[in-house]
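As the structure is a prediction and not an experimental result, all values here were calculated from the model.
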Amino acid sequence: VQLQASGGGLVQAGGSLRLSCVSSGRTFSYDDMGWFRQAPGKEREFVAAITRSGYSVFYGDSVKGRFTISRENAKNTVYLQMNSLKPEDTAVYYCGKRIRGNVYHATNYHYWGQGTEVTVSS
């Protein structure tokens, strides 16, 4: 399985970006998916997750109310709509496929892909 994240870039504080992650896997519609981010010198941080059906979504405390995760199984794609961006959102954003355990820990995910860089200027 390969995951291709895209949509990152440079944006001013208060702006928006929409990230996409396309999976090459044949079982995407059966996979719970998540977004994590990693800033330089920091650990990978949970951002959001969505169950296979899209019925249940989960968010990290720092992004609740600003970010929205969604998916389109017909396109093997999961999205992350990011609004009201802050400088502290600056990081490389990765999508992953959950393979075990709860949705919050990076160690429960696999097939990260190369990530997409988001830079928020103040």
Just how far is it from atom OG of S62 to atom CD of E45, taken to the nearest 0.5 Å?
4.5 Å
Heavy-atom closest contact (R98 atom, D32 atom, distance):
NH2-OD2, 2.6 Å
Could you tell me the separation between the OG atom of S6 and the CD atom of Q114, rounded to the nearest 0.5 Å?
8.5 Å
The reported gap from CE in M33 to CG in L80 (rounded to nearest 0.5 angstrom) is 12.0 Å
Does T51 offer a backbone N or O that forms a donor-acceptor pair with the side chain of S56 under 3.5 Å?
no
Can a donor-acceptor pair be found, under 3.5 Å and without considering hydrogens, that links the side chain of R100 to the backbone of T107?
yes
Which atom names give the shortest non-hydrogen contact between Y59 and T68, and what distance separates them?
OH-CA, 3.3 Å
Run the side chain to side chain donor-acceptor pair (under 3.5 Å) test against D89 and tell me which residues pass, sequence neighbours left out.
R37, R66
Using 0.5 Å steps for rounding, measure from the OG1 atom of T116 to the CD atom of Q4.
9.0 Å
Do T90 side-chain atoms and E88 backbone N/O form a donor-acceptor pair below 3.5 Å?
no
Could you give all pairs that pass the ring pair (Phe, Tyr, Trp, His ring centres under 6.0 Å) test and reach residues 28-54, with sequence neighbours left out?
F36-F46, F36-Y109, F36-W112, F46-Y104
Is there a donor-acceptor pair under 3.5 Å between the side chain of Q38 and the backbone N or O of K42?
yes
Would you mind reporting whether V103 and N108 have side-chain heavy atoms less than 4.5 Å apart?
no
Would you be so kind as to tabulate the donor-acceptor pairs closer than 3.5 Å made by side chains of residues 9-24, with sequence neighbours excluded?
| unit_1 | atom_1 | unit_2 | atom_2 | d |
| --- | --- | --- | --- | --- |
| S16 | OG | N83 | OD1 | 2.9 |
| S23 | OG | G25 | N | 3.0 |
| S24 | OG | Q2 | N | 2.7 |
| S24 | OG | Q2 | O | 3.4 |

Pairs where residues 68-97 contributes a residue and the test ring pair (Phe, Tyr, Trp, His ring centres under 6.0 Å) is met, not counting sequence neighbours
none
My understanding is that only residues two or more places apart in sequence, or in another chain, count here; which of them pass salt bridge (charged side-chain N to carboxylate O under 4.0 Å, His left out) with D31?
K97
Euclidean distance, L85 CG relative to S121 OG, rounded to 0.5 Å:
10.0 Å
Which residues pass the side chain to side chain contact (heavy atoms under 4.5 Å, CB included) test with E117, not counting sequence neighbours?
V92, T119
